[in-house]
Amino acid sequence: MMNANPTLLRMKYGRIVERFANLVNLPLEDALSFFYGSKTYELISQGISDMHCLSDFYLADELMMEYEKEKNKQKNNGQV
C-alpha cells in the first residue's frame, strides 16, 4: 500500500499531464483524458513498483510512449 499524500499526488498528476500535453502537442483536456485512462495512471495510482516516486519527466515520457503505441495501434487497425 502506498503512503503518498493524496494532495501531493494530485499535484504530481497535474505536472505529468502538463508535460505530456506539451510533448505530444495535445490540448490539456485531451491529455488529461488520456492520462486517466492510461496504464501509467493505473500503476501510479495503485502504488505499483513505487511509480509515484519516479520523476515527473520520466512518467510523462512513459505516458508519451504509451500514447504513441496506442496511436500506432489505432492507425494499424484502421488499415486492416
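Quick caveat, the model's predicted, so the values are computed rather than measured. Heads up: numbering here begins at 1 and tracks the sequence.
- For Ala21 against Leu28, the heavy-atom pair with the smallest separation is CB-CD2, 3.8 Å.
- Atom CG of Leu32 is separated from atom CD1 of Ile16 by 11.5 Å, given to the nearest 0.5 angstrom.
- Considering CG of Leu63 and CD of Glu68, their distance stands at 10.5 Å, rounded to 0.5 Å.
- Of the possible donor and acceptor atoms, one in the side chain of Asn5 sits under 3.5 Å from a partner among the backbone N and O of Leu8.
- Of the possible donor and acceptor atoms, none in the side chain of Glu66 sits under 3.5 Å from a partner among the backbone N and O of Ser38.
- A donor-acceptor pair is defined here as one N or O able to donate and one able to accept, closer than 3.5 Å; such a pair exists between the side chain of Ser45 and the backbone of Tyr41.
- The structure places CG of Leu54 at 11.5 Å from CG of Asp61, a figure rounded to the nearest 0.5 Å.
- Atom CD1 of Ile48 sits about 8.0 Å away from atom NZ of Lys39, to the nearest 0.5 Å.
- In terms of heavy-atom proximity, Arg19 sits nearest to Phe57 at NE-CD2, 2.7 Å.
- Minimum interatomic distance between Phe34 and Tyr67 (heavy atoms only, all atoms of both residues): CZ-CA, 3.4 Å.
- The neighbour count for Tyr58 OH, taken as heavy atoms of other residues, nucleotides or ligands under 6.0 Å away, does not exceed 12.
- Atom CG of Asn72 has more than 12 neighbouring heavy atoms from other residues, nucleotides or ligands inside a 6.0 Å radius.
- For Lys69, the salt bridge (charged side-chain N to carboxylate O under 4.0 Å, His left out) test picks out no residue, with sequence neighbours left out.
- The pair Lys12-Asp56 meets the salt-bridge criterion, since a charged nitrogen lies less than 4.0 angstrom from a carboxylate oxygen.
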